[in-house]
Amino acid sequence: MSASSPSYPPVASLVGVFGGTFNPVHYGHLRSALELVEKLKLEQLSLLPSALPPHRDAPNCSAERRAEMVHLAVSGESRLVCDAREMQRPGKSYTIDSLIELRGELGAQQSLCMVLGCDAVQDIAMWHRWQELLDWAHIVIITRPGWQLPRTGQVAQWLKTHQLESSALLRQRPFGGIIVEELRPLAISSTEIRDLLASGRSARYLLPQPVLDYIQTHKLYC
Ligand code: ATP
């Protein structure tokens, strides 16, 4: 670099974590994850399978198998990884606990985004210590066909209070802001895949073939 080259401030890096039951993981999750990595220029996005989701019936497929399917789905795409930390924690899998652990590992200055689908935002006020989530990470809400953000009530007010004007602001502080990202709409759900498989129909092309092969090998969802 010549002595006269302009010097730019270092661009802060951004990493993300995308929690879910992933029962099983499908292209709605995966394509959204990849589009988000590219749109926000995330260094990495970790898919975080919930071992014991606090607000729904225990999944009919073990946490280890769901994590293995996520692992298979992201292999070969280095920007997406499977974070199986919730398998190691006993009891209910509270997102706040994972964010606190991640913050401890990343340090105070690293920008961290937690990714949530619009449907998950609907009941966020039932989450354990939900109002503290923004003390540890930003929240990136991704659109999902058939779901809208709440327009009234305490969650709508919370969104309004913390929403950032631009995604560039995610790099200016490590946590505390909310953005909404509109991604390619893919009307795929794990529920539909489980229903297809349980009724003997094909779920091909809704999820990666290695995941489908794994489901067949282990006779899941039949
Ligand atoms: P289920 O049908 O069992 O409720 P799901 O398809 O909603 O499962 P989850 O594992 O519960 O999948 O979702 C994890 C996260 O991914 C949630 O934040 C959810 O909003 C988001 N998500 C799931 N499917 C899509 C999709 N097709 N498009 C965008 N976001 C999605």
Side-chain angles (χ1 to χ4, degrees), residues 16-40 42 45-74 80-87 92-96 98-99 112-128 130 133 137-150 155 159 178-199 201 203 205-208 211-212 214-215 220-221:
V17 59
F18 184 15
T21 314
F22 302 119
N23 187 29
V25 64
H26 54 67
Y27 282 134
H29 302 124
L30 295 162
R31 184 66 211 174
S32 299
L34 190 63
E35 288 192 4
L36 205 57
V37 162
E38 296 200 329
K39 245 180 140 171
L40 297 182
L42 299 180
L45 179 58
S46 307
L47 276 66
L48 178 79
S50 172
L52 193 56
H55 299 296
R56 56 196 300 171
D57 294 340
N60 53 352
C61 174
S62 74
E64 288 70 23
R65 288 221 191 283
R66 289 182 285 110
E68 275 181 57
M69 289 189 277
V70 171
H71 188 72
L72 279 174
V74 299
L80 301 181
V81 295
C82 176
D83 181 338
R85 72 180 56 242
E86 293 190 350
M87 319 289 113
K92 292 185 176 170
S93 306
Y94 293 118
T95 300
I96 186 85
S98 294
L99 293 185
L112 169 66
C113 297
M114 178 181 96
V115 180
L116 267 186
C118 254
D119 54 313
V121 177
Q122 298 290 330
D123 51 29
I124 199 163
M126 288 160 50
W127 288 24
H128 186 50
W130 72 282
L133 296 168
H138 297 297
I139 294 182
V140 175
I141 300 171
I142 58 172
T143 48
R144 183 172 187 181
W147 293 90
Q148 304 280 322
L149 287 175
V155 174
L159 295 174
I178 298 177
I179 61 160
V180 181
E181 283 294 333
E182 202 150 319
L183 304 177
R184 177 190 308 269
L186 286 169
I188 303 174
S189 73
S190 301
T191 302
E192 186 191 1
I193 292 172
R194 293 194 302 273
D195 289 348
L196 286 171
L197 295 170
S199 62
R201 284 175 293 161
Y205 309 132
L206 295 174
L207 69 174
V211 177
L212 203 46
Y214 182 95
I215 290 171
L220 309 178
Y221 313 118

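Order of listing sets the numbers, starting from 1, for every ligand and every atom in it.
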Which residue owns the protein heavy atom closest to [atom], what's the atom, and how far is it?
| atom | result |
| --- | --- |
| atom 11 (O) of ligand 1 | R56 NH1, 3.4 Å |
| atom 10 (O) of ligand 1 | F22 N, 2.9 Å |
| atom 12 (O) of ligand 1 | H29 NE2, 2.9 Å |

Enumerated ligand 1 atoms positioned under 4.0 Å from heavy atoms of [X]:
| X | answer |
| --- | --- |
| T143 | 29 (C) |
| D119 | 19 (C), 20 (O) |
| G19 | 14 (C), 15 (C) |
| G20 | 10 (O), 14 (C) |
| S32 | 28 (N), 29 (C) |

E38, CD atom: more than 12 neighbouring heavy atoms under 6.0 Å: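 Yes - once you tally the heavy atoms of other residues, nucleotides and ligands closer than 6.0 Å, there are more than 12.
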contact_flag [X] ligand 1 heavy-atom lt 4.0 Å:
| X | value |
| --- | --- |
| A187 | no |
| H26 | yes |
| N23 | no |
| I193 | no |
| F18 | yes |

Return yes if some donor-acceptor pair links the side-chain N/O of [X] with the main-chain N/O of [Y] below 3.5 Å, else return no.
| X | Y | answer |
| --- | --- | --- |
| K92 | H55 | no |
| S93 | L52 | yes |
| R66 | V25 | no |
| H26 | I193 | no |

Which pair of heavy atoms, one from G28 and one from I188, lies closest together, and at what distance? N-CD1, 3.9 Å
Just going by heavy-atom distances, which of R66, R144, E35 is nearest to atom 24 (N) of ligand 1? R144
Proximity of [X] to ligand 1 by residue part, where a heavy atom lies under 4.0 Å:
| X | result |
| --- | --- |
| R194 | side chain |
| I142 | side chain |
| S190 | both |
| T191 | both |

Does an N or O anywhere in G117 fall below 3.5 Å from an N or O of ligand 1? yes
Ligand 1 and L186, any nitrogen or oxygen pair closer than 3.5 angstrom?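 So ligand 1 has an N or O lying under 3.5 Å from an N or O of L186.
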Parallel, tilted or perpendicular: which describes the rings of F22 and F18, with under 30° parallel and over 60° perpendicular?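 Ring orientation, 0 to 90° scale: perpendicular.
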Determine the sole option in P49, S98, P53 for which the side chain to side chain contact (heavy atoms under 4.5 Å, CB included) test with E86 is passed.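 Among the candidates, only S98 passes.
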When V140, V81, L47, L48 are each screened for side chain to side chain contact (heavy atoms under 4.5 Å, CB included) with V17, the one that passes is L48
Working to the nearest 0.5 Å, report the span between [atom1] of [X] and [atom2] of [Y].
| X | Y | atom1 | atom2 | answer |
| --- | --- | --- | --- | --- |
| C113 | I178 | SG | CD1 | 11.5 Å |
| R144 | L149 | CZ | CG | 13.5 Å |
| E181 | I142 | CD | CD1 | 10.0 Å |

